[in-house]
Structures are given as C-alpha cells and as structure tokens.
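Read the structure below first, then the notes.
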Amino acid sequence: MHVVVTDGTILPVGGSARPVDDLARAVGELEAERPRWAWADTRETYPELLRAGVRVSRCHDVALTEGLLLAAEGRYGQPRSARAAHARLHGLPVPDEQPNVPGTLFAPEPLDARAVAEVLADQLRRIELLPDPGRFRLLVAAESAGALIAAELSHDGMPWRRDEHDALLTELLGPRPVHGMRPVKLQTLADEVSAAFGHPVNPDSVQQLVKAFKGAGVALRTTRSWELKRIDHPAIAPLLAYKELARLHSFHGWVWADQWVRDGRFRAEYVVGGVVSGRWATSGGGALQIPKVMRRVVVADEGWTLIVADAAQLEPRVLAAMAGDVGLAKAAGEIDLYSALAKSFGGERDNAKIAMLSAMYGGTSGDALKLLPVMRQRFPKAYQFVEDAAKAGEEGRLVRSWLGRTSPPPSERWKTLVSGPEGGRAARDRGRFTRNFVVQATAAEWALALMAVLRGRLPEPARLVFFQHDEVMVHCPLDQAEQVMAAVTESAAQASRLLFGQTPVRFPMETVAVPCYADAK
DNA sequence: TGACCAAGCGCC
DNA sequence: AAAGGGCGCTTGGTCA
C-alpha cells in the first residue's frame with residue numbers, strides 16, 4: 001500500500017490526510033506496517049529522516065519515476081519534478097526544472113499531499129499503458145530503492161582515514177603546501193620539465209607544452225599521455241610523472257579531503273540515474289573516479305571489516321540472459337565466461353573475449369572485424385540482439401533496456417548531421433551508443449536489484465558504504481563477515497531471478513572480506 | 001570579472 | 001584486463 005508523505009502530512013492512499021508535527025517519528029511508527037512510501041523526491045525527504053534515525057524499506061520516488069515514464073512515452077527531457085508532473089496533469093504552465101538545493105531562497109512551496117497522490121495515481125495508470133508494465137514496475141521499484149540507498153550511502157559514508165590519506169599524499173607529493181602553492185615534489189618535476197626545454201614551461205598548459213615541443217622539433221597533435229609516451233625527449237619522463245601526481249593533488253588532495261571527509265567518512269553525493277543508461281553519477285566528491293592508489297586509505301573501523309563484492313563480467317552475462325542465446329547462456333553458466341566461450345567458439349580465450357566485447361561495444365579494430373563473423377555464427381541470437389540495437393540507433397529510433405529504461409532520442413543536430421555528407425559517421429556513432437545502451441542499462445538494472453535485495457538482507461549494524469557500477473562495499477563488524485558474504489551471493493541470485501526468471505546464466509560475485517580496500521583483488 | 005569551452009584523465 | 005560507451009572534475013584559455 002502507498003502512503004504519501006510531504007513536509008507535514010501523511011496520506012495513506014484511499015484514506016485521509018493526517019497532519020504531523022514530528023514527521024520522522026510518524027514515519028518510523030508506520031514503517032512497522034511496511035508501506036511503500038510515496039514522495040515527490042527522496043533527496044528532499046529522506047535525508048532528514050535518516051538524521052532522525054529513521055530508515056524505510058521501500059518507496060516510490062515520483063520524480064525519478066516521472067523521468068523514466070517521460071522517456072518511455074517519447075517525451076524525454078521534459079521537467080520531471082512532481083510539481084511539473086502535477087502541472088502537466090492539469091494543463092497548467094510547467095515550471096522549469098529547479099536545481100535541488102534545499103533551503104534555496106526562491107524554492108517553490110512543496111506540493112501538498114493530495115497533489116502528490118494525484119501524480120502518483122496518474123503514474124501508476126501510465127505504467128499500465130506501457131508495453132511491459134510488470135517489468136516497468138520493477139524498474140520503478142529498483143530506481144526508487146536506489147534513491148533510498150544513495151541517501152543512505154551519503155549519510156553513512158565510506159570509512160576514510162585522513163591520517164593515511166595525508167601520509168599517502170605526503171609520500172607522493174611532499175608535505176602539504178600553503179594554499180595555492182605546488183607541493184615540493186610537483187614543483188621539482190615542473191622545474192625538470194622547464195630545464196629540459198631550457199626555458200620556463202607550465203606543464204598544466206597544453207598550449208605552452210605544444211609550443212615548447214615544437215621548438216624542440218617535436219610535432220604534437222595532443223598532449224595525451226599515450227601520445228607523449230611514444231616521444232623521445234628529456235621532458236617526457238618528468239612531464240608524465242607530473243601529470244599523474246598533479247591530478248592526484250588537484251582532484252583528491254588535501255583541499256578535496258577538507259571538503260568531503262568528515263568524522264572519518266567520505267560522504268559522496270550520488271545522482272541516481274544520473275547517466276542516461278541508468279548508471280549513477282555523482283555531483284561533487286568524484287566518488288566514482290577515486291584513483292586506485294587511494295584505496296589504501298579506505299580502512300575498516302577497529303573490530304570491523306569491509307566486504308568488497310564485484311560482479312564478474314556482468315555485461316556479457318546480461319546480454320546472454322537478455323538475448324536468450326542458448327549457446328552464450330551456457331557459457332555464461334560458468335564462472336570463467338571467456339574460457340567457456342572459447343571452448344564453444346573453438347578458439348583462444350583472448351579471441352573469444354575480443355569477439356564478445358566487439359559485439360557488445362561496436363569495436364572496429366582489425367582483430368574484432370575478423371572475429372565478428374565467428375561470433376555471429378556461434379551465437380546468432382546474441383549477435384542479432386546487439387545488431388538490432390545498433391540498427392535502431394543508426395535509424396534514429398529509440399531502444400529500451402530489459403526493464404524498460406528508454407534511451408534518449410537523437411538530438412536535432414544529429415538529425416541534420418545524419419542526412420549530410422558526414423551522415424554515415426554520425427549514424428555509426430549513434431549505433432554504437434544504442435548498442436552499448438541496451439547492455440549497459442540492463443547491467444545497471446541488475447546492479448540496482450542486487451543492492452536493493454542486499455540492503456534488505458544485511459544484519460544490523462552492517463551498512464552499504466560504497467557503490468560503483470558493478471561493485472558494492474559493506475562495512476560490518478568482523479563477526480558478521482561470513483553472514484554478509486553469504487548475503488551477497490544470495491542477493492546476486494535473487495537479482496537474477498527478479499530480472500530474468502529462470503535462466504542458465506549465472507551472475508557470480510567476487511567477494512572478499514578485507515581490512516582495507518586496497519587488499520581487495 | 002565571471003561565464004563558458006576544450007583538453008585531459010580518473011572510474012566502470 | 002579487454003574496448004567502447006559515458007560520466008565528473010580541474011586547469012588554462014577565451015570572450016564579453
């Protein structure tokens with residue numbers, strides 16, 4: 001049963017609205033009945049419940065659902081807030097999308113509970129009109145669970161040892177400099193670059209670098225590191241070292257830690273569905289781009305451990321299950337998908353891998369082109385599945401994930417471009433996007449389902465603390481390690497059943513219990 | 001001065 | 001890990 005929640009009101013759908021003074025307390029009491037809470041936007045309501053110590057098991061996020069519905073209905077890009085949805089429902093002027101900044105001076109009055117209930121009812125009706133309402137309902141549930149989880153991840157935070165972070169930075173860069181200065185090791189490398197050219201060059205400036213290399217008789221198109229590596233010049237070594245360390249300093253250095261690490265926790269801000277494929281994005285903190293070298297500062301609390309679980313070869317498995325390709329599904333029933341593939345393929349493991357990846361991602365390398373016909377012959381249904389997606393893209397049509405997330409339509413610019421002289425290129429690019437979309441979006445759905453199930457199976461006080469596309473991290477007391485690892489395995493199986501029902505495809509998780517993130521794999 | 005873009009590279 | 005898709009984020013540089 002749905003129960004609508006706004007700032008000061010609780011409204012059980014079909015019942016009567018009840019004003020409440022203490023929202024967290026009221027929600028906490030009603031949670032015993034396990035309703036599906038419906039609210040305009042999880043980001044506006046749930047954080048304060050969490051701060052009050054209240055967690056809920058499930059919800060319906062109106063804004064996220066509206067975004068999914070609009071895309072599915074071919075109205076991608078319209079404002080998706082509950083307020084906008086309500087205005088559309090009543091033929092009123094639709095307000096522009098508001099940035100989500102709580103307490104903004106000009107923030108509009110929140111919708112009242114009755115209006116939210118109206119939008120909810122309308123959404124449930126619209127879902128029934130879609131090609132596969134059952135799957136879409138699952139998508140809505142998973143996306144909404146994602147919203148809960150994202151808020152909880154931010155609330156709980158990933159363990160982050162500032163002392164270890166500082167030690168790592170000091171080791172690599174030198175001691176923390178006064179604000180605005182380069183750390184000593186960076187400055188030394190910058191000086192070495194200048195010395196190699198015989199005059200001052202700012203290694204952060206592409207223009208200066210290209211000019212300096214030109215003066216030294218080296219023509220460069222870009223200063224990308226893979227291009228620099230092919231050049232023989234005394235400035236290259238210090239420059240490459242500089243680039244790597246400078247990035248660490250400016251992206252995840254002391255200033256970053258001041259802003260994002262508090263009380264021994266890194267609290268990222270996740271954006272659920274922030275990527276068109278349904279993958280999450282982050283706004284601030286760069287949680288999805290933390291360099292691997294930083295993993296050694298992610299350390300479990302005393303007496304606790306980190307359970308790090310990574311879905312192995314998720315995307316080819318997802319394709320096998322989606323396409324219903326018997327041969328591929330059989331290979332995906334093995335732990336090492338690629339050796340199984342090679343057996344069925346009658347070739348080398350590496351070749352099987354390249355063929356698989358090229359089929360999924362539209363690879364164009366020489367090896368890939370040679371191997372694709374084998375792929376097509378051995379796994380015709382899987383091959384056809386991604387080919388169909390690519391063809392749809394090339395023709396400007398939409399594609400959908402397994403649960404019904406719809407790709408954005410091509411832009412007006414693309415439509416002009418595709419009928420012009422460079423049209424073939426634009427069409428192929430779009431084809432690669434839609435080919436990738438169906439696989440990546442479904443993999444994202446599987447990952448959401450995994451987390452939603454796992455969240456419900458975690459014992460107190462274990463907490464999900466990190467999520468990165470196909471990898472999750474749980475922080476729990478040492479004596480819960482076995483239980484949590486088992487929960488991960490069971491959740492993967494449950495997620496697979498939720499999405500695909502009975503399938504020979506397995507979705508193994510590589511799961512380890514470690515004191516420190518760097519110790520995983 | 002601030003707004004905006006491109007380059008470059010981290011993650012999956 | 002592949003390799004291709006897409007993201008965030010910082011810096012330098014340009015323009016109004």
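Numbers restart at 1 for each chain; the letters A, B, ... are given by sequence-line order, proteins then strands.
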Would you please classify the geometry between the [Y] ring and the [X] ring as parallel, tilted or perpendicular, with 30° and 60° separating the classes?
X	Y	value
Phe467(A)	Trp280(A)	perpendicular
His199(A)	Phe197(A)	tilted
Phe213(A)	His233(A)	perpendicular

Can you check the [X] [atom1] to [N] [atom2] distance for me, whole Å?
X	N	atom1	atom2	result
Tyr338(A)	dA3(C)	OH	P	11 Å
His252(A)	dC11(B)	NE2	P	10 Å
Leu248(A)	dG8(C)	CG	P	21 Å
His249(A)	dG8(B)	NE2	P	21 Å
Tyr270(A)	dC12(B)	OH	C1'	13 Å
His469(A)	dC12(B)	NE2	P	8 Å

Heavy atoms only, 4.0 Å cut-off, all strands: where does [X] land among base, sugar-phosphate and nothing?
X	result
Ser283(A)	sugar-phosphate
Ile290(A)	sugar-phosphate
Asp350(A)	nothing
Phe251(A)	base

*asked:* Side chain of Arg247(A) only, heavy atoms from C-beta on: which candidate in dC9(B), dA3(C), dG6(C) is closest?
replied: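 Within the option list, the nearest is dC9(B).
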
Distance-only donor-acceptor test (3.5 Å): side chain [X], base [N]:
X	N	value
Arg432(A)	dA3(C)	no
Gln207(A)	dG13(C)	no
Arg224(A)	dC9(B)	no

*Output yes when a side-chain donor or acceptor of Arg317(A) lies under 3.5 Å from a complementary backbone atom of Arg506(A), and no otherwise.*
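Judged by distance alone, yes, a pair lies under 3.5 Å.
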
*Verify the contact: side-chain N or O of Lys243(A) to OP1 or OP2 of dT11(C), cut-off strictly under 4.0 Å; return yes or no.*
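No, because none of the side-chain N or O atoms of Lys243(A) sits under 4.0 Å from OP1 or OP2 of dT11(C).
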
*Counting only side-chain N and O atoms of Ser277(A), is one of them less than 4.0 Å from OP1 or OP2 of dG5(C)?*
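False: Ser277(A) side-chain N/O out of range (4.0 Å or more) of dG5(C) OP1/OP2.
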
*asked:* Salt bridge or not between Asp336(A) and Arg349(A)? Use side-chain N to carboxylate O under 4.0 Å.
replied: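 Judged by the 4.0 Å cut-off on N to carboxylate O distance, Asp336(A) and Arg349(A) do form a salt bridge.
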
*Taking for each residue the nucleotide of DNA chain C bearing the nearest heavy atom, is the 5' side occupied by Gln313(A) or by Asp429(A)?*
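First, find each residue's nearest nucleotide; the 5'-ward one identifies Gln313(A).
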
_Leu357(A) or Gly285(A), whichever maps to the more 5' nucleotide of DNA chain C_ =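 Its nucleotide being nearer the 5' end, the pick is Leu357(A).
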
